[in-house]
Amino acid sequence: MNVQNTSDASGSFPERPRNFIEEQIEQDLKSGKNDGRIHTRFPPEPNGYLHIGHAKSIVLNFGIADKYDGVCNLRFDDTNPEKEDVEYIDSIQRDIRWLGYRWHGDSRYASDYFDQFYQWAVLLVKKGKAYVCDLTGEEIASRRGTPTQPGQESPYRSRSVEENLDLLDRMRRGEFRDGEKTLRAKIDMASPNMHLRDPMIYRIKHLPHHRTGDKWCLYPMYDFAHGQSDYLEGITHSLCTLEFEVHRPLYDWFLDHLTEGPYRPRQIEFARLNLTYTIMSKRKLQQLVEKGVVDGWDDPRMPTISGLRRRGYTPDAIRSFAQNVGIAKRENLIDVAMLEHSVREDLNKKAPRYMAVLDPLKIVITNYPKGQEEELETINNPEDESMGTRRIPFSGEIYIERSDFMEEPPRKYFRLAPGKEVRLKSAYFIKCEKVIKDDKGNVTALECTYDPETKSGQTTRKVKGTLHWVSAKHAFEGEVRLYDRLFKDENPGKNKDDFMASINESSLVVRTGCKLEPALQQMKAEDKVQFQRTGYFCADLKHSRPGAPVFNQTVPLRDSWGKKGK
RNA sequence: UGUCCGAUGGUGUAAUUGGCAACACGUCUGGUUUUGGUCCAGAAGAGUCCAGGUUCGAGCCCUGGUCGGACAGCCA
C-alpha cells in the first residue's frame with residue numbers, strides 16, 4: 001500500500017485551476033530552488049480551537065505538500081504561556097487528524113527552539129543590533145509614533161554591548177519583574193513600516209510554560225520566533241494570512257542578521273476566510289463559550305472544526321468546501337450556503353434514509369384490519385444500491401408531519417387535505433376522510449382510508465404527493481435538535497465588538513417527542529442519516545445514550561416548495 | 001497627509017500569461033422521480049472600479065485617480 005505522507009485523502013478531488021500560490025511554487029520548482037524540495041507548515045497558536053478558517057489553511061498547506069511530493073509540519077507557536085493551554089494542543093491535533101491529514105514527523109513547538117532564539121538574541125546584542133530597554137509599556141507606545149508620523153528613539157538605545165549583554169543575562173536569570181525591561185531590535189524608529197520601529201524581541205513573564213516549565217522567565221515575541229522557526233525547520237514556503245504581509249520585512253531582517261547562506265523560507269500571504277452570518281475570530285468565539293451563549297467550543301452551532309463535526313459535517317465536505325472557495329488576496333465574504341452545499345453533496349451519497357416525524361400528527365386508518373401489522377421493505381439509499389434495503393413496521397395508526405396536512409390547502413399543495421389522496425413512502429395510498437379537532441378547533445388527528453391495491457411496488461397508479469410516516473405503535477420517542485445560524489447579521493464581525501447584539505436567540509430548537517422509526521434507535525454517536533424529506537441528521541456525540549440517540553440537524557434538505565414563500 | 005496589499009455577475013474563484021470573460025454556489029424555468037431531495041435540460045445575471053495611454057487587439061501592460069483592507073499589543 002502506498003502510504004501518504006500528509007494525507008489519507010488525496011485523489012478525491014477533481015483537477016482544478018492552480019491558485020496563485022501554486023503558480024509561484026511551480027516557478028520555484030522550475031528554477032530549481034531548494035533542490036526541488038517542498039516543505040510547508042501549519043502553525044497554530046494553542047490558545048483556542050480550530051475553526052473553518054483554519055481548515056482553509058490546513059487544506060492549503062497539506063494539500064500543497066501532497067500535490068508537490070513534499071511534507072507539511074505541524075508547529076505550535078507557543079511563545080505566550082499566558083494564553084496557551086494543553087487542552088488546545090490536544091484539540092488541534094485531533095481536529096487535523098480527523099480532517100484526514102498527517103503531519104511530517106512529530107508535532108513541533110516554537111518552544112523547542114527557545115535556546116536557539118536566546119543565542120540569537122545574544123548574537124544580535126553583540127552585533128549592536130539589539131538593546132535592553134527600560135521604558136514602560138505606555139512609554140514605548142507613546143514614543144512609537146503613528147503610521148504617518150515617525151517615532152522617537154528610546155533613551156536606552158545606545159547602551160554599550162557589554163551593558164546590554166549583562167542586562168539580558170540578568171533578565172534571563174529573573175532579576176527583574178514582569179515588564180521592567182525588554183529586549184528590542186535596533187532598526188529604525190522612523191521607518192514607515194511600524195514593525196521596523198525597534199520592535200520588541202523578548203519580554204519578561206514570570207510564568208511557567210506548558211513545555212519548558214520554569215526554565216524561562218523570558219519569552220520571545222511571535223515576530224522573533226515565527227520566521228526563525230520556519231528557517232530552522234527548513235520550510236520552503238510559509239503560507240499565511242494577509243495581516244502578516246507587513247511583518248515580512250522584519251522576518252527577513254532577523255534572518256539577514258542571524259544566519260548565513262542564501263536559504264530563506266518564502267512567505268506568501270493569502271486572504272483569510274470569512275463566512276456570512278458567522279464570526280471567525282478566536283477571541284470572539286471564546287467569548288461565546290465563556291458567556292455561555294453556546295455549549296462549548298464544540299457546540300454544533302460553532303464554526304469550529306469540532307462544532308462542525310458534532311453538527312454532522314464530514315471531513316470530505318469540509319475539504320471540498322475549502323477547495324471550492326479558492327485562494328486569493330482580496331477580502332472575501334463567502335455565502336454560508338456554499339458550506340451547506342458541500343455537506344449536502346457529500347451526505348446525499350453517503351447517508352442512509354430513515355423515517356422521522358418531527359412534529360407528529362396522528363392518523364387512524366379506519367379500513368385497515370384491527371390489530372394487523374406488517375413489515376414493508378424500503379431502500380436505504382436511492383443514490384447507492386449497495387446500501388441495501390430494510391424493513392419498516394406498518395399498522396393502522398401512524399404519525400405524519402403536521403405540516404403535511406392542511407385543511408384549506410393552497411394551489412399546488414401536493415400533500416394531505418380533506419378528500420385528498422397521497423402516497424405513504426414505501427407503503428400505501430391513503431385518503432383523508434375526516435378531521436378530528438379539540439374544543440378550540442385545533443386539529444388533533446385525522447381519519448383516513450387506505451387502498452390495499454396500492455402497496456408499494458404493486459401499483460402503476462400515480463399520485464402527486466409522497467409523505468414520510470412512522471407507525472404509532474412501533475415508533476420510539478426521541479429528541480431532535482434543530483439549528484439555525486448563530487447571528488442575524490450577514491457580517492456580524494464587521495464592526496469591532498457589537499457582534500453580541502446580533503445573536504440569534506432561536507439558533508437552537510430542541511424538539512422532544514419526535515416519532516422515530518425503530519431502526520433509528522440503534523444509531524450511535526456520529527452516525528449520519530437522512531430523515532426522509534427533512535434533512536441530514538447526526539447522532540450527537542455528547543447527548544446520545546445507548547438506545548436513546550439525540551439527533552442534531554446537520555442541514556435541511558433543499559426545499560423548493562417552502563421557498564416559494566408559501 | 002506614511003508604507004504595503006487589493007478591486008472580474010448577487011457570492012467566490014478562473015481566463016493556457018496580450019486573442020470570443022469561464023466554472024462553482026445562489027436565483028429562475030422545464031423534465032424525471034415512491035424524498036417538492038437527487039438527477040437531467042435550459043435561462044437570467046458581469047463587459048472586468050474610473051480616466052487616459054501602448055497595441056491590429058487590453059480583465060491582463062503603462063500613467064494618474066477612486067474605493068476597500070492591513071499596520072500605532074510586553075497578542076499571534
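Labels below follow one simple rule: chain letters A, B, ... track the order of the sequence lines, proteins then strands, and each chain is numbered from 1.
Taking only side-chain nitrogens and oxygens, A:Lys563 comes nearer than 4.0 Å to OP1 or OP2 of B:U27. Within the 4.0 Å cut-off from OP1 or OP2 of B:G2, not a single side-chain nitrogen or oxygen of A:Thr146 is found. Between A:Arg353 and the phosphate of B:U38, there is no side-chain N or O to OP1/OP2 separation shorter than 4.0 Å. When the side-chain nitrogen and oxygen atoms of A:His195 are compared with OP1 and OP2 of B:C71, none of them lie within a distance under 4.0 Å. For B:C75, one of the phosphate oxygens OP1 or OP2 lies less than 4.0 angstrom from a side-chain nitrogen or oxygen of A:Lys205. Dashed line: the shortest gap from a side-chain N or O of A:Arg144 to OP1 or OP2 of B:C74 is under 4.0 Å. Side-chain nitrogen and oxygen atoms of A:Arg533 include at least one within less than 4.0 Å of the OP1 or OP2 phosphate oxygen of B:G36. The side chain of A:Ser560 places an N or O atom within less than 4.0 Å of a non-bridging phosphate oxygen (OP1 or OP2) of B:G37. Put simply, A:Arg18 has no side-chain N or O that comes within less than 4.0 Å of OP1 or OP2 on B:A14. Distances shown here put every side-chain N or O of A:Arg272 at or beyond 4.0 Å from the OP1 or OP2 atom of B:G6.
Using Watson-Crick or G-U wobble geometry with both donor-acceptor distances under 3.5 Å, B:U48 finds no partner in any strand shown. Across all strands shown, B:U54 has no partner, as no Watson-Crick or G-U wobble contact with both distances under 3.5 Å is found. Across all strands shown, B:A41 forms a Watson-Crick or G-U wobble pair with B:U29, both key distances being under 3.5 Å. In this entry B:A7 has B:U66 as its Watson-Crick or G-U wobble partner, both defining distances falling under 3.5 Å. The partner of B:C23 is B:G12, judged by Watson-Crick or G-U wobble contacts that both fall below 3.5 Å. Judged by Watson-Crick or G-U wobble contacts below 3.5 Å, the nucleotide B:A72 has no partner.
Glycosidic torsion of B:U13 falls outside 90° of 0, placing the base in anti. Base orientation of B:G68: anti, the glycosidic angle falling outside 90° of 0. Taking 90° from 0 as the syn/anti boundary, the base of B:G47 is oriented syn.
Across all strands shown, A:Ile334 has heavy atoms under 4.0 Å from sugar-phosphate atoms exclusively, and none from any base. In this structure, A:Thr182 reaches the bases: a heavy-atom distance under 4.0 Å links it to at least one base atom across the strands shown. Nucleic acid contact class of A:Thr79 (heavy atoms, under 4.0 Å, all strands): sugar-phosphate only. A:Glu490 comes within 4.0 angstrom of nothing in the nucleic acid, heavy atoms only. Among the heavy atoms of the strands lying under 4.0 Å from A:Gln532 is at least one base atom, whether or not backbone atoms are also near.
With rounding to whole Å, A:Arg184 atom CZ is found 13 Å from B:A72 atom C1'. Distance, A:Leu273 CG to B:U11 P: 16 Å, rounded to whole Å. Rounded to whole Å, atom P of B:A76 lies 19 Å from atom CD of A:Glu269. Rounded to an integer number of Å, the gap from A:Phe244 CZ to B:C75 P is 14 Å. With rounding to whole Å, A:Leu242 atom CG is found 10 Å from B:A70 atom P. For the pair A:Asp223 CG and B:A76 P, the interatomic distance rounds to 8 Å; values are reported in whole Å. Taking atom CD of A:Glu340 as the reference point, atom C1' of B:A24 lies 16 Å away to the nearest angstrom. The CZ atom of A:Arg319 sits 22 Å away from the P atom of B:A24 (whole-angstrom rounding).
The base of B:G37 lies close enough to the side chain of A:Glu383 for a donor and an acceptor atom to sit less than 3.5 Å apart. Side-chain to base pairing of A:Gln530 with B:U35: one donor and one acceptor N or O lie within less than 3.5 Å of each other. In this model, no side-chain donor or acceptor of A:Arg558 finds a partner on the base of B:G36 within 3.5 Å. Residue side chain A:Thr148 does not reach the base of B:U1 through any donor-acceptor N/O pair under 3.5 Å, judged by distance alone.
The cationic group of A:Arg390 lies under 6.0 Å from the six-membered ring centre of A:Tyr354 and within 45° of the ring axis, placing it in a cation-pi geometry.
Taking the six-membered ring wherever Trp is involved, the centroid distance between the rings of A:Trp469 and A:Phe394 falls below 6.0 Å. Between A:Tyr450 and A:Tyr428, the distance from one ring center to the other falls under 6.0 angstrom. Aromatic pair A:His468/A:Phe531: ring centres not closer than 6.0 Å. Here A:Tyr277 and A:Phe487 keep their ring centres 6.0 angstrom or further from each other. A centroid separation of less than 6.0 Å is found between the aromatic rings of A:Tyr222 and A:Phe244. A:Phe254 and A:Phe224 have their aromatic ring centers within a separation under 6.0 angstrom.
Picking from B:U34, B:G69, B:A72 the nucleotide with the shortest atom distance to the side chain of A:Glu331 gives B:G69. Among B:U35, B:G36, B:C25, the nucleotide with an atom closest to any side-chain atom of A:Trp561 is B:G36.
Between the P atoms of B:G10 and B:C20, the separation comes to 23 Å (whole Å). Across the C1' atoms, B:G52 and B:C40 are found 49 Å apart, a figure rounded to whole Å. To the nearest whole angstrom, the two C1' atoms, one in B:G2 and one in B:U11, are 34 Å apart. For the P atoms, the distance linking B:A41 with B:A24 amounts to 11 Å, nearest Å.
Each of A:Gln458 and A:Leu333 has a nearest nucleotide on RNA chain B; the 5'-most of these lies closest to A:Leu333. Residue A:Phe414 is the one, among A:Phe414 and A:Tyr222, whose nearest nucleotide of RNA chain B lies closer to the 5' end (criterion: closest heavy atom).
Considering CD1 of A:Ile187 and CH2 of A:Trp253, their distance stands at 4.0 Å, rounded to 0.5 Å.
Checked by atom type and distance alone, the side chain of A:Lys350 never pairs as donor or acceptor with a backbone atom of A:Lys528 at under 3.5 Å.
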